Amino acid sequence: QVQLVESGGGLVQAGGSLRLSCAASGRTFSSRAMGWFRQAPGKEREFVAAISWSVGSTYYADSVKGRFTISRDNAKNTVYLQMNSLKPEDTAVYFCAASILYRVAMTPLGYDYWGQGTQVTVSS
């Protein structure tokens with residue numbers, strides 16, 4: 001089992017920044033990649049970004065490219081999502097997820113463990 005705990009969400013004005021953190025514990029050696037997803041009310045959970053633990057390859061949804069940056073600290077078993085130039089449409093609950101797959105997935109089905117989520121609200 002891998003346990004994931006997100007932090008760093010909150011309320012910010014449009015154009016502002018937030019940094020989300022996701023701390024992993026438990027059988028972290030079984031995790032090959034980490035991802036961030038988000039879910040707005042009445043919408044499906046959507047991919048935001050992902051990173052591989054070993055090489056550090058990164059992947060982004062088109063909607064966040066150039067604004068969001070995913071990174072990891074292997075020593076701390078922590079993944080970050082730096083969010084800049086936030087827009088009201090970025091408002092959602094953000095979830096951290098861990099995958100045991102060797103190939104980084106960009107769909108929720110590719111992830112095995114999930115955090116509880118953290119709310120991000122961007123006001124206009």
Side-chain angles (χ1 to χ4, degrees):
Q1 292 285 336
V2 176
Q3 292 79 43
L4 303 172
V5 179
E6 303 102 332
S7 60
L11 173 65
V12 64
Q13 289 188 332
S17 299
L18 282 175
R19 189 177 83 153
L20 305 183
S21 299
C22 174
S25 61
R27 296 172 60 88
T28 56
F29 58 85
S30 66
S31 171
R32 304 286 182 241
M34 299 291 291
W36 285 98
F37 290 78
R38 66 187 182 187
Q39 189 167 17
K43 295 188 176 181
E44 293 187 352
R45 191 167 297 190
E46 66 172 359
F47 171 76
V48 175
I51 188 167
S52 64
W53 276 117
S54 57
V55 178
S57 301
T58 58
Y59 308 81
Y60 296 95
D62 288 342
S63 59
V64 306
K65 277 181 183 176
R67 300 189 299 123
F68 291 12
T69 302
I70 188 170
S71 61
R72 87 252 193 254
D73 184 330
N74 291 48
K76 295 182 178 180
N77 287 326
T78 299
V79 174
Y80 305 96
L81 185 67
Q82 177 67 44
M83 306 186 294
N84 299 328
S85 302
L86 283 161
K87 306 175 181 180
E89 51 264 44
D90 294 318
T91 295
V93 177
Y94 283 70
F95 297 90
C96 173
S99 172
I100 63 173
L101 298 177
Y102 282 94
R103 184 174 183 175
V104 177
M106 289 182 275
T107 66
L109 290 177
Y111 290 80
D112 306 278
Y113 304 100
W114 292 84
Q116 81 287 353
T118 185
Q119 177 70 47
V120 171
T121 303
V122 184
S123 62
S124 58

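The structure displayed is predicted, hence computed values, not measured ones.
- With hydrogens and angles ignored, the 3.5 Å screen pairs no side-chain donor or acceptor of Gln13 with any backbone N or O of Ser124.
- For the pair Ser99 (side chain) and Tyr111 (backbone), a donor-acceptor distance under 3.5 Å is absent.
- Here the side chains of Cys96 and Met34 are in contact, with some heavy-atom distance below 4.5 Å.
- The side chain to side chain donor-acceptor pair (under 3.5 Å) check on Asp90 picks up Arg38, Arg67, with sequence neighbours excluded.
- Close placement of the Phe47 and Phe37 rings is indicated, their centers lying within 6.0 Å of each other.
- Across all non-hydrogen atoms, the minimal contact from Ala105 to Gly110 is CB-CA, 3.7 Å.
- Taking all atoms of both residues into account, the shortest heavy-atom contact from Gln39 to Lys43 is NE2-O, 3.1 Å.
- Hydrophobic cluster membership differs between Trp53 and Tyr59, with clusters built from Ile, Leu, Val, Met, Phe, Trp and Tyr side chains linked at under 4.5 angstrom.
- Cation-pi geometry between Arg72 and Tyr80 is not satisfied (NZ or CZ under 6.0 Å from the ring centre, within 45° of the ring normal).
- If you take CG on Asn84 and OG1 on Thr69, they are separated by 6.5 Å, rounding to the nearest 0.5 Å.
- One hydrophobic cluster, built from ILVMFWY side chains closer than 4.5 Å, cannot hold both Phe95 and Ile51; they sit in different ones.
- Judged by distance alone, with hydrogens and angles left aside, the side-chain atoms of Asp112 form a donor-acceptor pair with the main-chain N or O of Ile100 at under 3.5 Å.
- Here the straight-line distance linking atom CG of Leu4 with atom OH of Tyr113 works out to 9.5 Å at 0.5 Å rounding.
- Cluster annotation: Val104 and Ile70 are assigned to distinct hydrophobic clusters (Ile/Leu/Val/Met/Phe/Trp/Tyr, side-chain heavy-atom contacts under 4.5 Å, transitive).
- How far SG of Cys22 is from CG of Asn77: 10.0 Å, rounded to the nearest 0.5 Å.
- Between the side chain of Thr78 and the main chain of Lys76, a donor-acceptor pair closer than 3.5 Å is present.
- Contact check for Trp114 versus Pro108: side-chain heavy atoms found under the 4.5 Å cut-off.
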ask   = Passes side chain to side chain contact (heavy atoms under 4.5 Å, CB included), Gln82 versus Phe68? Steps please.
value = CA-CA 5 Å; Gln82 177 67 44; Phe68 291 12; over 6 Å; no
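- Remark: side-chain polar atoms of Thr91 are paired, donor with acceptor, to backbone N or O of Val122 under 3.5 angstrom.
- Taking every heavy atom of both residues into account, Ser17 and Ser85 meet most closely at OG-N, 4.4 Å.
- Under the 3.5 Å distance criterion, the side-chain polar atoms of Glu6 are left unmatched by any main-chain donor or acceptor of Thr118.
- Residues Val48 and Leu81 form a side-chain contact, since some pair of their non-hydrogen atoms from C-beta on lies under 4.5 Å apart.
- Follow the hydrophobic side-chain contacts under 4.5 Å out from Val64 and you reach Val79 in the same cluster.
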